Protein chains: 2
Amino acid sequence: MSETKAKGARQAAKDARKVPMRDFSQSLPMALLRAREAVMRQFRPNLRAHGLTEQQWRILRALAAVDSIEVTELARVAFLLGPSLSRILRDLEARGLIQREVDARDMRRGVLSISAKGMKLIAQVAPGSEAIYASIASHYGARKLAALQKMLAELEGSLAQFGASDEADDA
Amino acid sequence: MSETKAKGARQAAKDARKVPMRDFSQSLPMALLRAREAVMRQFRPNLRAHGLTEQQWRILRALAAVDSIEVTELARVAFLLGPSLSRILRDLEARGLIQREVDARDMRRGVLSISAKGMKLIAQVAPGSEAIYASIASHYGARKLAALQKMLAELEGSLAQFGASDEADDA
DNA sequence: CGCGAAAACTTAACATGTTAATCATCCGCC
DNA sequence: GGCGGATGATTAACATGTTAAGTTTTCGCG
């Protein structure tokens, strides 16, 4: 069996593994990724049915909650990096869902606001979205869900100080 | 002030919002995303220093834990979609970090295994990765971290049944 | 004033996520 | 033994993540 030989060669390389590594299933990033994907799988069809991606929806929601907002501040609130935001804003503006002006006092700053058309779209999407959220809370347990959110926020908080090497000396 | 007019127009559109929407900060997908990003921000520099992306690292780790594995099974274990995996495998193979054969009994199936070079790379990256993980556990609390992982797994489990419309009739 | 550094975006370039379409192979079945 | 559906994997096309570089405008300051 030529196949047994190949297997032997592979195993030889594998036997050099003296590096202990946690099992994959215990990886925290993996657990967070899987949980988030399980949640998003519930929401995506509804968004998609209205021609929206998850990120576009985040932006519209953020804009709907304020009168107007600057690009950088929106990036912070919607948790998007500048380049992604720039592209998405270009598209949303072309679709007439948002409007943009230039700050008269500082022409570097762009000021964004949602349009009436954008508000109308939100009104169409929100009910389904709320229903899905209620369903998740119901299946998982509202109390438990609140506890989970609290723990997630604490995790984020406990890691916030350490900017991972580069800005380690910010404090 | 012509600006006051624009503001008035924006507010008019906003006043049509009879759609109650949870505040952004209470969004579960957002909380998961933020937590995951906070965690990954710790790991990314170390991976990047060795020329690896997060996904490439997931693949190498998964391959290191087995003798060999098929592409579809690897996608499931590393939690990657087929197309992403295909591209990454092409690159990893070109870099000599993995090897691929074709299943003799079913020529549709590709069989993957890590190379000696790949194992060596893992040995270089793993210590730093483990140290970072220990640091996170230390700052957040090992007990709490375990509890969080359990809750995440339960969330995933409680949403697993509902395949979001399409495959709702699988059971 | 005017020069240089910093700030706010934007563009560029490459990697991945996501869905649909395509390709090759296998398998059941007539 | 060959046709048709199912399966494994890749490719295509578009959107976003991620880092670096470029552009425009401000601002400090001599």
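The structure presented is a predicted model; accordingly, all values stated were derived computationally and were not measured. The sequence lines fix the lettering, A, B, ..., with proteins before strands; numbering per chain opens at 1.
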Report, one pair per line, the protein and nucleotides 17-20 of chain D atoms (nitrogen or oxygen only) whose separation is under 3.5 Å.
{"unit_1": "dG17(D)", "atom_1": "OP2", "unit_2": "Ser84(A)", "atom_2": "OG", "d": "2.7"}
{"unit_1": "dG17(D)", "atom_1": "N7", "unit_2": "Arg87(A)", "atom_2": "NH2", "d": "2.8"}
{"unit_1": "dG17(D)", "atom_1": "O6", "unit_2": "Arg87(A)", "atom_2": "NH1", "d": "3.1"}
{"unit_1": "dT18(D)", "atom_1": "OP1", "unit_2": "Arg44(B)", "atom_2": "NH1", "d": "3.0"}
{"unit_1": "dT18(D)", "atom_1": "OP1", "unit_2": "Arg44(B)", "atom_2": "NH2", "d": "3.3"}
{"unit_1": "dT19(D)", "atom_1": "O3'", "unit_2": "Arg48(B)", "atom_2": "NH2", "d": "3.3"}

Can you tell me the distance, in whole Å, between the [atom1] atom of [X] and the [atom2] atom of [N]?
| X | N | atom1 | atom2 | value |
| --- | --- | --- | --- | --- |
| Asp103(B) | dA24(C) | CG | P | 19 Å |
| Arg105(B) | dC27(C) | CZ | C1' | 17 Å |
| Glu93(B) | dT10(D) | CD | P | 9 Å |
| Arg90(B) | dA9(D) | CZ | P | 16 Å |
| Leu74(B) | dG8(D) | CG | P | 15 Å |
| Leu52(A) | dC14(D) | CG | C1' | 16 Å |
| Met107(A) | dT10(C) | CE | C1' | 15 Å |
| Met40(A) | dA15(D) | CE | C1' | 14 Å |

At their closest point, which heavy atom of [X] faces which heavy atom of [Y], and how far apart are they?
| X | Y | value |
| --- | --- | --- |
| Met40(A) | Pro29(B) | SD-CB, 3.6 Å |
| Ile136(B) | Gln42(B) | CD1-CG, 4.1 Å |
| Asn46(B) | Gly128(B) | ND2-C, 3.7 Å |

**Prompt:** If you measure from CG on Leu81(A) to CD on Glu37(B), what distance do you get to the nearest 0.5 Å?
**Reply:** 7.5 Å

**CE-CZ distance between Met30(A) and Arg58(B), expressed to the nearest 0.5 angstrom** = 5.0 Å

**Prompt:** Should Leu97(A) and Ile59(A) be marked as a side-chain contact (heavy atoms from CB on, under 4.5 Å) after you check the CA-CA gap, both sets of side-chain angles, and the distance that decides it?
**Reply:** CA-CA 11 Å; Leu97(A) 297 175; Ile59(A) 290 174; over 6 Å; no

Would you list the atom pairs, donor with acceptor, under 3.5 Å between side chains in residues 69-80 of chain B and any protein atom, with sequence neighbours excluded?
{"unit_1": "Glu70(B)", "atom_1": "OE1", "unit_2": "Arg109(B)", "atom_2": "NH1", "d": "2.8"}
{"unit_1": "Glu73(B)", "atom_1": "OE1", "unit_2": "Arg76(B)", "atom_2": "NE", "d": "3.2"}
{"unit_1": "Glu73(B)", "atom_1": "OE2", "unit_2": "Arg76(B)", "atom_2": "NH2", "d": "2.9"}

**Message:** Taking only side-chain N and O atoms of Arg100(B), does any of them lie within less than 4.0 angstrom of OP1 or OP2 on dT10(D)?
**Reply:** yes

**Prompt:** Taking OP1 and OP2 of dC9(C), is either one under 4.0 Å from a side-chain nitrogen or oxygen of Thr72(A)?
**Reply:** yes

**Request:** Carefully, step by step, assess Lys120(A) and Lys117(A) under the rule side-chain contact (heavy atoms from CB on, under 4.5 Å).
**Result:** CA-CA 5 Å; Lys120(A) 192 178 298 185; Lys117(A) 185 177 175 187; 5.6 Å; no

Are there any protein N/O atoms within less than 3.5 Å of an N/O atom in nucleotides 2-7 of chain D, and if so, which ones and at what distance?
{"unit_1": "dT7(D)", "atom_1": "O2", "unit_2": "Arg108(B)", "atom_2": "NH1", "d": "2.7"}

**Request:** Identify, between Asp106(A) and Leu89(B), the residue whose nearest nucleotide on DNA chain D lies closer to the 5' end.
**Result:** Leu89(B)

**Request:** Decide side-chain contact (heavy atoms from CB on, under 4.5 Å) for Leu152(B) and Arg34(A); before the verdict, give the C-alpha distance in whole Å, the side-chain angles of both, and the deciding distance to 0.1 Å.
**Result:** CA-CA 8 Å; Leu152(B) 290 171; Arg34(A) 297 177 65 96; over 6 Å; no

